[in-house]
**Q** 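Just dropping this structure here.
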There are 2 protein chains.
Amino acid sequence: MPEGTPRGDFETGLTTDDQLDLRTWLRLLTCANMIEGEVRAKLRTAFDITIARFDLLAQLDRADPTDRGLTMGELSRRLMVTNGNVTALIDRLVGEKLVVRRADPDDRRAQIIELTPNGRRAFAKMSQAHASWITGLFDGVDRKNLEALYRNLAELKTSLKADSDMEGH
Amino acid sequence: MPEGTPRGDFETGLTTDDQLDLRTWLRLLTCANMIEGEVRAKLRTAFDITIARFDLLAQLDRADPTDRGLTMGELSRRLMVTNGNVTALIDRLVGEKLVVRRADPDDRRAQIIELTPNGRRAFAKMSQAHASWITGLFDGVDRKNLEALYRNLAELKTSLKADSDMEGH
DNA sequence: TATTGTTATACTCTATAACTATA
DNA sequence: TATAGTTATAGAGTATAACAATA
């Protein structure tokens, strides 16, 4: 057998390359879960907010400020969550006076969601705290490794995106 | 200002290094969510099982076969899920005849959970399908990048673990 | 007293489908 | 007909606390 050829695993039929895929994924998942668990707990105790609502606020905050907010459909696409779920999240955020629904002057079916001034201030605080928690968690990680990780994840992400883009075709 | 010194971001007070932490985390999360979403949907349609139950079966399958299964508490720790939740997962898996509860001869408070022969066979199929889905998703990723990713995640993981281990002290 | 596991409860997220108002 | 959003519902994950049996 030529050197470098992936050798099969007799028990599972997996090649060593398949195992690299799988192990990388499991490791990625473990890291993501550990960090997400921390962040979830801290967001809840510090601000009584969930990750889903935090992410929604982040999308609104990030949206082009010269733009007029985002529609429900836009939020649904960006958060990769179904329409009905966005409605529930927005209901909650409206109740907390962090966002408002406005009628779209151009399309009477559509609603435009905007951060209230209060919501923008609140999110700024959350966002800063969030960043500092992450900094704390990544404290011990070698900067060179982290930069490499950042670059390598970019390729994984675009590769995954290419996959999902092909699904409909 | 000396070269290489992280420069502050006047608007947020974040240094460029903080931003690397944050951006790496967001990228990591996006990748994990994209893959996890795929896997969740496929596990459900192919085997009518959730990721939580799949992970639980994986822990039992992975446990030293010369060992006698795992206790509820062991599962709770390994899955990083609370005790009550493990009970519910096991209830469901027992109902599907994939695992059994056995009394611990050494500790009458404890239960030992084991895969049934049927459960072991079923998990083998799921596991193979899972591996092939991951291989498919990682198909377009350069092998060198993937190896680098695998190594870099190792350091992140141990660094995170060190953090969480310190919490109790 | 501490630990193992169960039960009960509340909240949230996710997914689907039926429905309305409008385009 | 198709699209934007809402409503209703079911299933699942997560967290907490009270509890019984046992160590």
Side-chain angles (χ1 to χ4, degrees), chain A residues 29 32-57 68-96 99-113, chain B residues 29 32-34 36-45 47-57 68-96 99-113:
Chain A
L29 183 62
N33 283 343
M34 289 175 83
I35 300 171
E36 195 169 11
E38 285 285 314
V39 169
R40 176 174 37 231
K42 294 195 182 212
L43 277 178
R44 188 163 49 83
T45 60
F47 301 108
D48 191 27
I49 200 166
T50 62
I51 287 185
R53 297 205 300 274
F54 177 76
D55 286 347
L56 200 159
L57 293 177
R68 347 144 287 173
L70 296 174
T71 62
M72 299 294 283
E74 253 309 293
L75 283 168
S76 170
R77 275 186 291 282
R78 296 196 187 191
L79 296 168
M80 296 187 280
V81 165
T82 58
N83 236 322
N85 295 326
V86 174
T87 297
L89 293 173
I90 292 294
D91 283 349
R92 175 73 182 252
L93 291 170
V94 167
E96 287 166 351
V99 309
V100 286
R101 286 184 166 95
R102 276 202 310 118
D104 184 334
D106 301 334
D107 182 342
R108 290 168 59 200
R109 293 171 307 179
Q111 304 255 15
I112 296 175
I113 312 300
Chain B
L29 183 62
N33 283 343
M34 289 174 83
E36 195 169 10
E38 285 285 315
V39 169
R40 175 173 36 228
K42 294 196 183 211
L43 276 178
R44 189 163 49 83
T45 60
F47 301 108
D48 192 27
I49 201 167
T50 62
I51 286 184
R53 297 205 300 274
F54 177 77
D55 286 348
L56 199 159
L57 293 177
R68 348 144 287 173
L70 296 173
T71 63
M72 299 294 284
E74 253 308 293
L75 283 168
S76 169
R77 276 187 291 282
R78 295 196 188 191
L79 296 168
M80 295 187 280
V81 165
T82 59
N83 236 323
N85 295 327
V86 174
T87 297
L89 293 174
I90 291 293
D91 283 349
R92 174 75 183 250
L93 290 170
V94 167
E96 288 166 351
V99 309
V100 286
R101 286 184 166 95
R102 275 201 312 118
D104 185 335
D106 301 335
D107 183 342
R108 290 168 58 200
R109 293 171 307 180
Q111 305 256 13
I112 295 174
I113 311 301

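Per chain, numbering begins at 1; letters A, B, ... match sequence-line order. Quantities reported herein were computed from a predicted structural model and do not represent experimental measurements.
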**Q** Strictly below 4.0 Å: does B/R101 bring a side-chain N or O up to OP1 or OP2 of C/dT6?
**A** yes
**Q** Distance check needed: D/dG13 C1' versus A/R40 CZ, whole Å only.
**A** 8 Å
**Q** Could you check B/I49, B/D55, B/I51 and say which one makes a side chain to side chain contact (heavy atoms under 4.5 Å, CB included) with B/R53?
**A** B/I49
**Q** Let me know the distance between CG of B/N33 and P of C/dT14, rounded to the nearest Å.
**A** 9 Å
**Q** When you match A/Q111 and A/R44 each to their closest nucleotide on DNA chain D, which lands nearer the 5' end?
**A** A/Q111
**Q** Taking only the side-chain heavy atoms of A/T71 (C-beta and beyond), determine which of C/dG5, D/dG5, D/dG13 contains the nearest atom.
**A** D/dG5
**Q** Write down the distance between CG (B/N85) and P (D/dA17), rounded to a whole number of angstrom.
**A** 14 Å
**Q** Could you tell me whether A/D107 contacts a base, only the sugar-phosphate backbone, or nothing, with contacts defined as non-hydrogen atoms closer than 4.0 Å?
**A** sugar-phosphate
**Q** Rounded to the nearest angstrom, tell me the gap between atom CG in B/L43 and atom P in D/dG11.
**A** 19 Å
**Q** Is B/R101 salt-bridged to B/D91, going by a charged N under 4.0 Å from an acidic O?
**A** yes
**Q** Figure out the CG/P separation between A/D104 and D/dT6, and round it to whole Å.
**A** 13 Å
**Q** Rounded to the nearest Å, what distance is computed from the CG atom of residue A/L75 to the P atom of nucleotide D/dA4?
**A** 13 Å
**Q** Here's a test of your reading of the structure: between B/R92 and A/R109, which maps to the more 5' nucleotide of DNA chain D?
**A** A/R109
**Q** Using a cut-off of less than 4.0 Å, is there contact between a side-chain N or O of A/T50 and OP1 or OP2 of C/dC13?
**A** yes
**Q** When we call it a touch if two heavy atoms are under 4.0 Å apart, what does A/I51 touch: a base, just sugar-phosphate, or nothing?
**A** nothing
**Q** Give one of base, sugar-phosphate or nothing for A/S76, where a contact means two heavy atoms less than 4.0 Å apart.
**A** nothing
**Q** Rounded off to whole Å, could you give me the CZ-to-P distance for the A/R53 and C/dT12 pair?
**A** 6 Å
**Q** Counting any heavy atom closer than 4.0 Å, what does B/G73 reach on the DNA or RNA strands: base, sugar-phosphate only, or nothing?
**A** sugar-phosphate
**Q** What are the two closest heavy atoms between A/A52 and A/L89, and how far apart are they?
**A** CB-CD2, 4.1 Å
**Q** Which of these, A/L75, A/L70, A/L93, sits in a side chain to side chain contact (heavy atoms under 4.5 Å, CB included) with A/I113?
**A** A/L75
**Q** Ignoring backbone atoms, establish whether A/R108 has a side-chain N or O less than 4.0 Å from OP1 or OP2 of C/dT22.
**A** yes
**Q** Check step by step if side-chain contact (heavy atoms from CB on, under 4.5 Å) holds for A/V100 and A/I112.
**A** CA-CA 8 Å; A/V100 286; A/I112 296 175; over 6 Å; no
**Q** Which whole-number value in Å describes the distance from A/N83 CG to C/dA18 P?
**A** 16 Å
**Q** If you find the nucleotide of DNA chain C closest to B/A88 and the one closest to A/G84, which residue's nucleotide is nearer the 5' end?
**A** B/A88
